Amino acid sequence: MSVVEQYARAHVVTDSPDTPDAIPVVLRYDPSADPLSVCIGLPGPQEWALSRDLLEEGLRAPASRDDISVWPCGRVQAVVEFHSPEGVEVVQFESQTLLRFLRSTYLATTTAH
């Protein structure tokens, strides 16, 4: 099975004036590592694993598991919130970006069989 990797841009939701307008993000799916999870890599060493189901659910309605929440934000955006001992990170994506990525992960799974 092949790894799906998609580069995207997202916005960190913060009240700090020092935060860049958009940040580079890597969306990755490695079915040989865990066929039910995807990873979101933020700048630096931060990478978060979450279930594909959670990401898909959160694009339609608020969903949360463990330290990660996902919810739609308006008609074209989605928010992913990560909780860690260091604090909370809130990242806003274009919904189409996440939908396209999810579609690629399902295609990678079905073409491998």
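What you see is a predicted model, and the numbers here were worked out from it, not measured in a lab.
Here Gln96 contributes atom CD and Gln77 contributes atom CD; the two are 11.5 Å apart, rounded to the nearest 0.5 Å. Atoms OG1 and CG, on Thr105 and Leu55 in that order, are 8.5 Å from each other to the nearest 0.5 Å. Separation of atoms CZ (Arg52) and CG (Leu36) is listed at 7.0 Å; rounding is to 0.5 Å. Taking CZ from Arg75 and OG from Ser95, the interatomic distance works out to 11.0 Å, rounded to the nearest 0.5 Å. Rounding to the nearest 0.5 angstrom, the gap separating the SG atom in Cys39 from the CG atom in Leu50 is 8.0 Å. Once rounded to the nearest 0.5 Å, the distance linking CG of Leu42 with CD1 of Ile23 reads 5.0 Å.
Ion pairing between a basic and an acidic side chain is recognised when a charged N comes within 4.0 Å of a carboxylate O; Arg65 and Glu57 show such pairing.
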Take Gln92 and Cys73 through the test side chain to side chain contact (heavy atoms under 4.5 Å, CB included) and record every step on the way to the result. CA-CA 8 Å; Gln92 189 173 42; Cys73 180; 3.3 Å; yes
Would you please test Val79 and Phe93 for side chain to side chain contact (heavy atoms under 4.5 Å, CB included) and show each step? CA-CA 6 Å; Val79 173; Phe93 290 87; over 6 Å; no
Is there a side chain to side chain contact (heavy atoms under 4.5 Å, CB included) between Tyr29 and Val3? Walk through the geometry before answering. CA-CA 6 Å; Tyr29 172 67; Val3 173; over 6 Å; no
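The stretch residues 32-58 participates, sequence neighbours left out, in these ring pair (Phe, Tyr, Trp, His ring centres under 6.0 Å) pairs: Trp48-Phe82.
Each of Asp66, Val70, Val80 was evaluated against Leu54; a single residue qualifies, Val70, per the side chain to side chain contact (heavy atoms under 4.5 Å, CB included) test.
Listed here is the closest heavy atom pair of Pro72 and Pro62: CD-N, 3.9 Å. Contact record, Arg100 with Gln6: C-OE1, 4.1 Å, taken as the closest heavy-atom pair.
Looking only at distances, no side-chain donor or acceptor of Tyr7 sits under 3.5 Å from a matching main-chain atom of Leu27.
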